[in-house]
Structure formats: C-alpha cells, structure tokens
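First the proteins, then the strands, lettered A, B, ... as listed; each starts at 1. Computed from a predicted model, the values in this text were never measured in an experiment.
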Amino acid sequence: MSGFDLGAFERKAQGRWTHAFEPDPSDKEKYYLTVAYPYPSGAMHVGHGRTYIVPDVIARFWRMRGRQVLYPMAFHVTGAPVIGISKRIARNDEKTIRLYRDLYKVPQDVLAKFNDPLTIVKHFSDEYQRVMTACGLSIDWRRRFTTVDPTYSKFIEWQWKHLYEAGHVIKGVHPVRYCTYDDNPVGDHDLLEGDKAEVVKFTLVMFRFGDAFIPTATLRPETIHGVTNLWVNPAVIYVRACVDNKPWVISREAAEKLALQDHSVVVEKEIPGKDLVDKRVSHPLCGEIPVLPADFVDPDMASGMVMSVPAHAPFDYIALRDLQRQGKYTTIRPIPLIKVEGYGEVPAQDAVERAGITSQLDTRMDALTQEIYSAEFAKGKLFDRYGGKPVRVARDEVAELMTDQHGSVIMYEFDTRPVVCRCGNRVKVKILHDQWFLKYSDPAWKEQVSDQLLDMALVPPEVRLEFDRTVDWLKDWACTRRVGLGTRFPWDTTQLIEPLSDSTIYMAYYTIAHRIKTIDPNILSPEVFEYIFLGKESPNLPEREKLDAMRKEFLYWYPYDFRFSAKDLISNHLTFQIFHHVTIFPKDKLPKGMVVFGMGLLNGAKMSSSKGNVFLLEDAVGEFGADTVRMFLMGSAEPWQDFDWRNELVISTKKQIERFYYAIHEMKDVSGEPKEIDAWLTSRLQDHIEKTTAALENFQTRQALQESFFGIENDLKWYRRRLPKESNGSRMLRSLCSAWVRLLAPFIPFTCEKLWEDIGGQGLASFADWPVADEKLKNRRIELAEELLLRTVEDIESIKKLIQITPKSITISLAPGWKHDIFTTIARAPDKNLAIREIMKDDAMRKRGKEATDAAKQCTTLIHRLPPQIVELIAGDGVNELAVFEQAQSFLEKEFGVPVHITDAESATHAKAATALPFKPAIVIE
RNA sequence: GCGAGGGUUGCCGAGCCCGGUCAAAGGCGCUGGAUUUAGGGUCCAGUCUCGAAGGAGUUCGCCGGUUCGAAUCCGGCCCCUCGCACCA
C-alpha cells in the first residue's frame, strides 16, 4: 500500500488537471457560477481561501452531476488603493514596507518595483492565480482579465452608454472630504484620524453687525427665538472677509472652508476676537443681543462664531453662568422656548445640575448636549407663542424661512473633529461640481430591481430582507472619480468611472473574455457589444466569425446561476449589479441567484491584514496540504456563517483525511460474501448519498461533509463491530469505496483523485459521475432491526456500568404480543391521552388490570421518546424482535463476553421480564 | 441613531422556520481504559447533578405569556457582531 502524502497527491493531480477545467459551450446543461473578483493589492489569507473554495466545491459537485460548469476568475484593479500603496512605498513608508516585505513576503527586488501601481497588481494577481491553482480551484484561466484591459474598458463604455440612455446617469454637486494639500478628495483609507466623522449640513444664521454680518452655524435654527447673545473666542484672530460680495466676520479657518463650498471669499483684514467682545449684533427673529467672550468657541468649527441659547444648550448655559458668577452680564436670563417631557423650565440647567457638572471642560458635556438635542428633537414642542409646533417640524420651517428671507446659507462641516489626512493636513469639506451620479434613488429603477429580487434564489434566505432594505435605502451614487485607475468617463474624460460602478455586469464579460483577447480593441464599438450581448444587428460588423462565437458563448452561459460574495457587499456591489443588469439585459439574462458569505476569524479574532492578524493561504497549503485546508474551511461552518481558523483543529482535519485514505485502501480489495449487515450498510449509504446531495444543492458544505465523511465513517465503525471476528467485510465494500471517494471528491479532490486511481476508477475523479441513491437498496426493515439492536446494546452497557458487578450471563426478554397491540393502538391514536381509555374498554385488556394500564402508560412515554419514523415502522409492519436477537446472539456474546439468552417475557421467570416493551426488551444481568 | 444578524451545556457549533425524537448531533479539550503506542498514533468509554437496573432532577442570555408539553411559538429587557456610501 502506498503511503499518505498529500504533497505527492497534489503534484500528481495538478499534472492531470492541466486544461481540464476549460469548458466550451456544449450539448450539456450548463452551470455558471461567479465570485466577486479579488482586488490584488496583497497576499491571500485563509479567509480569501474560503471565498474561492466554496464555489469550487459547488462547481465540482455540479460538474460530477454532469453539468458543463464554468468557474471563471479575473482581477479588479480599478480604483485608488494601489496608487496610495505605490506612493507610500516610493517614499519608504515604514509601515507599508513592513507589511509587504514581512507579512506578504514580497522579495526585495520585486518590492523595489512597487512604486508602479500596475506592477503591484500584476505581482499579486499572478500570485493569486498560483495559490488558487495550488488550492485545486477548478477555474478556467483562459478567461482571466483585468479591469484595466483596453477591451474591458470598451465593454464598460458600452455598458455606460446604456445606463446613460436609460436616464440613470445624472450630473450634480456633492460635498466630499477634501485635502487641500493633496488637492484631492479623501477616502476612508487615506485618513489618519476621524474616519467616523460625517458631513452634516449647518444653517448659517446671519446676524447683522454694523455694515457686516456675523454668521453662526447651527443644527437647530428653531432655537433662534431663545438666543441671548453670541459667543466669540477672545484669543482667536477673526477676519473680515467679503463673501459673495457681502462683508462677513468669521474665523480664518472658516474663510478657507467657505471658499471650498461655492463661495467667493476675499479676506480684507484681521479682527482680534477680543475686539468683538461686548459689540452688539441683531437678527430679525431675536432682536439685538451682545457678543460675549467664551473659551470653548472653536475657530475650526464652522464659522467660528456661536449663537448662544443657554436655556437649551448646556455649553451656553455654563459659559453664561460662569460669567455671571464673576458679576458680569447679570441681566441676561435664559429664554426657554421648547417644552420637553422629563425636563424642567430650563432643560440645559436641569441637565447640568442633575449631572453635577461644574466646569465647561467637563468631559460629559458633549454627551449631555447630545442628550438634550435628541430629547428635544424627538419629543420637544415649541411654546405656543413661538408657533407651538413639534421641534422636528419647526426646525425645517425656520431653516427655510431664514434661507428665503434672512440671508441664511448652508455650510457643510464634520460632526466630529479633527479629521486628518494621511499627509497630516486637516481635511475640509469641499463641494464638487461636475460630479456624476447613478440615480439609484429613482423609484422606477428600484422597482425593477425589487421585482428581479423576487425571482432570485437568495442563500441564506434571511438576507432577502437585507437586500430589500438596501434597495429601499439606496440614494444616488457618485460614480466618477478624479484619481485612480479605470475607464474614462465618456461624458467627461477628465474623470474615471468609479471602481464599484465598473464591476456590475462583468459576469457577462467572462463568457467572451478569452475570445475577445484576439480582437483589436480599437474596433470594439458599442455596436459590436450590442450584437454579442443583445443580438442587435448592424451593418459592417467586423470579425463576424469571432463575434458569432462570442454570441454563442454568451447565449450558452448567461445568465449566471449563482454569484458568491461576502455579506458586506450586500449594501453596495451585490445590489448595484442587479440595478445594472435590469437596465441592460432582457429578462431571461438576469441573475438567478446569490450566496452570501460570512466572515473569517483567526483564533477567535477578526482577520485583518493591517493588524497583521492573518494566516497566508499559501503558508496554510504548504504546511497542512490543500485538501486539509479545503476540508477544514468547508467543514467548520456553513458558507454564510463566520468561521474560525484554529491550527489545532486543522491538524485534526488532516488526520481525518489520512484515516479516510487508509480506510479506502483497507476496504478496496476485500472479497468476502455479503451478509445481512451488508444490506444495512448499503441501505445507510443510500441515505448518506441523498443527504449529501441535498446539502450541496443548498450550498451547505458543512452539512454535506458531516453526512459524507462522518456519517459514513460512523456507519463503518458499527459495521466492523458487527462482523464476525475473522471477517473484514464483504466485497460490497468496494462499491462503498467508489461512492465514498466520489462523494468526497468536491471537498478533497487531490486525495480523491489519487484514491480513484487506486481503486481502478476510470478517468478523472473530478469528472466521475456523482453517486445516485438507489431506492431498491434501501431497506427500512433492516435499519429498524439494527436500531433495535444498537439501542439494546447501549442499554446493556449503561446497566452494566451502574450495577458494577461482573456479569455471568445476560437475558433478553421480549415483550408479549398484547403489549405490541397496545403500542400500535396508541401510536395510531390521534389523541394519545384518550387512547388508554379506549384500550381498557377491551375485555381481554381489562382482565389484565393494572398490568395493562401500566403498559399503556409506559408505551405512551416510549412513543413520545422515539423518533416518529421509527414509531410508525414499529406500529406498521413492525420487526420480528425474536429473529433479530437470535441472529445477533453470537454478536452479543462477543460484545459482552458472557452467554446471552433470549426469551419471550411470558416464559421468563425473572420479575424484570415484566418490564419489556415493544422495541425495548427487558434486560436481566446476573 | 438607522438597517440586518446573533446569544445553546468547558470551548467551537448543530437544533430552532414545521413545539413532544432534546440532557440536547458533531468536533475540540479533558479523564479513564485498550493497543508490540517512541509520552504526540489508533480504538473504546466517560465528561450538568443524583442513582447498585436502562431512571430521576435542573439546564439552552434575562423576565413574563401561550400550551397537557417550549432551547424551539408570542411580548418585553439586556448584551454581542456586521453594514450605513463615494471605499474595495
């Protein structure tokens, strides 16, 4: 027998698989699955492994079931991340270098070339292909492409033409995080600090100040009626600036920000904050008020000036109180204007005093402010003299009034600060013009998507709700970028199509990817794609033969059957792709299903490359073997559940494969005559085949593995136990070997390829026929008999343990016929509680008296404890218990090493014998 | 805050949708035993509590309800994870 050597199996199979998984259209029914293609900016870890192995298992399963299976792969390289990475490497950023050199193990000479972003993606996409192949993924690599290929760009342009013509592409303005130093919008990954900050809309309330205006930013314009003063920071230098041709007094920072937000700003002169103290300002809605000094005023917050509402804002309240304690401004009184449940006349005072806050600098002040803000917004109502409306209504109304009549404008600002760019500069909010959007907010478009979702299979079913909510919630999506790699936006070639927006219908591109490579990109006009994908003829189409071949591929493969992706893509990619599909393709080419994955954990903690908490897939494959990695990942959780990689569990998985390997070798040449127990094993095998098949049809890899691996293994254990001492089984085991190897082939293909050869299988295991359960080989009666025996053995064991005597003999007494009658009557009774009464109406039973009622009660309990199918069988044809035990007598004597007697209860002498019930014989150990 | 998912016995994790088969699968860990076992392999047994007869008792985040009967259904509460956009 040859030894167990996963590495050798891998090398051998790889040789035989070359070009094996490159399907073309054929007469067979197709099965097309896709995964979200990777963005190759780093090495693969075991979490990626699962993402691609799950579809591979499914692909292999359907391939063995006779389908023509397409599993393609490509690389997504559009966008900005690699640009950032290459820049950081170019300037020798320590952290980045360490990540790539030490964790991803990029050789020094390769790393040196990483200042070019395309080199990075080239390097890692080659690595991806190498590692994916090492994992045994049955991918058609002929179709590999990247999203910056010129032909792909042509395809994207065609796609966008459709979107545009459908009216889904619109132009607008959009506030973004912006770094004035880099002169670019700032994405999450470019932030040093403040990634949680959100852009919020402030209303600038314009106070008249001599010939100028002082704008104060607020989220609560309705509180204008309660303003008692403005706050200015005396230590800050303010400026007088001409904003949109009107003089404003604002902080220096505010001047810069306003310039980014569609305002013309010309700074005229500086004004020290202290010079503004005690000046008077006015607003039509609150009259004339003074400007007071306060240290808490932050010049980097909006306009740098604050309107004070001491009755409703804790900061304002405390600042005013502190001044008044010094004997200043004692005539100013907070002006309450909102009634809110749970607070007194002056909510800010109430809250501050309740919390026992004494200082403006108390860290709880922000939380307190938030608390009052929320309470007033949710439950607050303005006093009748201010209109009596709920705050949530009044707020918008007042804002509108101010904008229309009192010169208010909107200013964008972050809700938390600071927000700092990687370059160290403060990030500001800029309004971008010429920003293009995909109009996902369009109700008609949404409805098309919702309709399509109804026709799609979603796995697991719980995600359907999440998809529905996402469609509901989606707003317009800014779909162009100024930096990054990608396809030029056709209506403004200075911009690029944003990476999520160029990855929505590429599953269709896979069908032609290998063929389109032979065509000059320059002739790929929209008409060409119109023909390939929609069958629309136009005059003078070039390369007609190639186009026809591509049209044929598309028609054969499309639509895809299932798309696999991680769960965090539901709120964007997975939903976007449906939007795009419904716009471009006819109904019969729309997606059919999606499978959504859970996340990966490493030793209980979230996997994260940036935190170094990853285990590289290539290392895992090298250390444990590809089959081990596959089987572990498939068996540890269902695809949609989170899984946890733990080395010690992986090691035991490897032992399991080894056990399987040797088990097959031990069984493959066995030649004994079949016995009764072979029929049992065969019958059970049919069940495992059925259940494994059903599980894989539902993408339950874990369940499938439980059935096909552990299920069969446990049956074999019982089987061996039941064999006579000298026997090692019958020749029937050979067919079990064949079925077992094929059942496991999708999971551990390398080992199975080797075993398939060893047991004389024809061709590749990867293309062998999937086992089919044979109804004729199922034998419920034998299974029931074995079940009875097994339960009795377990009972004997537990009694033996309890009584702790050395047994000299065991007597098994079977229940008499009349107890079987009772059992059957109760089992069939619709109401089991009334059945006893019915039974006791029978004369024969009544004669037995208490014995009969006891038996009836015990039967009722027993029936509730047995699985319903078994009860049904016992009550039906039943099982000849006497025959079962007589046949198993030598087995039982072998098991327990003492003589075993079998009697029927009526002829037994021991008192225990009376306790015998159907399917539960009395046991007497002496 | 909004949206989605989840809390099971030492751990991981089935089961809950379709209430009785559930003291609750499987794996891991631990304990004991067997084995020409190299102290790491394999096999067997045990692993909530009690029990010298296959049984009984208390468990499935917390509280309450429905039911002859609830880990499973309903209501409330607490806690955890993920997504919330211009980022792949």
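To the nearest angstrom, P of rG26(B) lies 16 Å from CE of Met631(A). One can place CZ of Phe632(A) at 12 Å from P of rC28(B), the figure rounded to the nearest angstrom. Met599(A) places its CE atom 11 Å from the C1' atom of rG83(B), with the value rounded to the nearest Å. Rounding to whole angstrom units, OH of residue Tyr661(A) and C1' of rG41(B) are separated by 17 Å. rC28(B) atom P lies 16 Å from atom CH2 of Trp645(A), rounded to whole Å. Rounding to whole angstrom units, CH2 of residue Trp477(A) and C1' of rC84(B) are separated by 11 Å. Taking atom CG of residue Asp568(A) and atom C1' of nucleotide rA85(B), one finds them 13 Å apart after rounding to whole Å. Going from atom CG of Leu569(A) over to atom P of rA85(B) covers 15 Å, rounded to whole Å.
With a cut-off of 3.5 Å on both pairing distances, the Watson-Crick or G-U wobble partner of rC68(B) is rG20(B). Here rG55(B) sits opposite rC50(B) as a Watson-Crick or G-U wobble pair (both hydrogen-bonding atom distances under 3.5 Å). Remark: rU81(B) base-pairs with rA4(B). Criterion, Watson-Crick or G-U wobble with two distances under 3.5 Å. With a cut-off of 3.5 Å on both Watson-Crick or G-U wobble distances, the partner of rG39(B) is given as none. Of all nucleotides present, only rU31(B) satisfies the Watson-Crick or G-U wobble test against rA45(B), with each distance under 3.5 Å. In this entry rG26(B) has rC12(B) as its Watson-Crick or G-U wobble partner, both defining distances falling under 3.5 Å.
Rounded to whole Å, the separation between the C1' atoms of rA24(B) and rA71(B) comes to 8 Å. Atom name P, nucleotides rA23(B) and rC74(B): the rounded distance is 22 Å, in whole Å. Comparing the P positions of rG83(B) and rG46(B) gives a spacing of 44 Å, expressed to the nearest Å. Comparing rG55(B) with rC77(B), their P atoms are spaced 42 Å from each other, to the whole Å. Between the P atoms of rC62(B) and rC11(B), the separation comes to 14 Å (whole Å). Nucleotides rU9(B) and rC30(B), compared at atom C1', are 15 Å apart to the nearest Å. Comparing rG27(B) with rC43(B), their P atoms sit 11 Å apart, to the nearest whole Å. To the nearest whole angstrom, the two P atoms, one in rC44(B) and one in rC18(B), are 39 Å apart.
The stretch residues 568-578 of chain A participates, sequence neighbours left out, in these side-chain hydrogen bond (donor to acceptor under 3.5 Å, both in side chains) pairs: Tyr560(A)-Gln577(A), Arg563(A)-His573(A).
Listed for the Asp642(A) side chain is no donor-acceptor partner under 3.5 Å among the backbone atoms of Gly598(A). Using modelled atom types, one side-chain atom of Arg464(A) and one backbone atom of Leu453(A) make a donor-acceptor pair closer than 3.5 Å. Judged by distance alone, the side chain of Glu638(A) and the main-chain N or O of Thr701(A) form a donor-acceptor pair under 3.5 Å.
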* Going 5' to 3' along nucleotides 50-55 of chain B, which nucleotides have protein heavy atoms under 4.0 Å from the base (write B), which only from the sugar-phosphate (write S), and which from neither (write -)? -> -BBBBS
* Along nucleotides 1-9 of chain B, 5' to 3', which nucleotides get a B, which get an S, and which get a -, given that the test is a protein heavy-atom distance under 4.0 Å? -> --SS-----
* Asked: Tell me, for nucleotides 43-48 of chain B in 5' to 3' order, what letter each nucleotide earns: B for a base near a protein heavy atom under 4.0 Å, S for only sugar-phosphate near one, - for neither?
  -> SSSS--
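Taking the six-membered ring for Trp and the full ring otherwise, the centers of Tyr661(A) and His665(A) sit less than 6.0 Å from each other. Aromatic ring centres of Phe564(A) and Tyr52(A): separated by at least 6.0 Å. Ring centroid separation for the pair Trp645(A) and Phe632(A) comes in under the 6.0 Å cut-off.
Residues Phe885(A) and Leu892(A) form a side-chain contact, since some pair of their non-hydrogen atoms from C-beta on lies under 4.5 Å apart. Within the 4.5 Å cutoff, side-chain heavy atoms of Phe467(A) are placed close to those of Val596(A).
Lys201(A) pairs by the salt bridge (charged side-chain N to carboxylate O under 4.0 Å, His left out) definition with nothing, not counting sequence neighbours. With sequence neighbours excluded, no residue satisfies salt bridge (charged side-chain N to carboxylate O under 4.0 Å, His left out) with Lys800(A). Remark: Phe579(A) engages Tyr440(A), Trp445(A) in a ring pair (Phe, Tyr, Trp, His ring centres under 6.0 Å) (not counting sequence neighbours). Among residues two or more places apart in sequence or in another chain, the ring pair (Phe, Tyr, Trp, His ring centres under 6.0 Å) test is passed with Tyr152(A) by Phe145(A), Phe155(A), Tyr509(A). Here Glu498(A) pairs with nothing under the salt bridge (charged side-chain N to carboxylate O under 4.0 Å, His left out) rule; sequence neighbours left out. With sequence neighbours left out, the salt bridge (charged side-chain N to carboxylate O under 4.0 Å, His left out) criterion links Glu895(A) to Arg721(A).
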* **Check against ring-ring contact (aromatic ring centres under 6.0 Å, His included), Phe75(A) and Tyr37(A)** => CA-CA 6 Å; Phe75(A) 297 99; Tyr37(A) 49 20; 8.4 Å; no
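Of the residues listed (Tyr412(A), Trp436(A), Phe437(A)), the one engaging His174(A) in a ring-ring contact (aromatic ring centres under 6.0 Å, His included) is Phe437(A), and it is the only one.
When the nucleotides rG83(B), rA88(B), rA85(B) are ranked by their closest atom to the side chain of Pro81(A), rA88(B) comes out on top. Side-chain proximity of Lys655(A) to rG41(B), rC87(B), rA88(B): nearest is rG41(B).
Heavy atoms of His573(A) sit nowhere under 4.0 angstrom from any nucleic acid atom.
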What pairs of nitrogen or oxygen atoms, one from the protein and one from nucleotides 29-31 of chain B, lie under 3.5 Å apart?
none

Which protein N or O atoms sit under 3.5 Å from an N or O of nucleotides 11-18 of chain B?
from: rG13(B); atom 1: O2'; to: Arg702(A); atom 2: NH2; distance (Å): 2.7
from: rA14(B); atom 1: OP1; to: Gln641(A); atom 2: OE1; distance (Å): 2.8
from: rA14(B); atom 1: OP1; to: Gln641(A); atom 2: NE2; distance (Å): 2.0

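The pair Asp715(A)-Arg684(A) meets the salt-bridge criterion, since a charged nitrogen lies less than 4.0 angstrom from a carboxylate oxygen.
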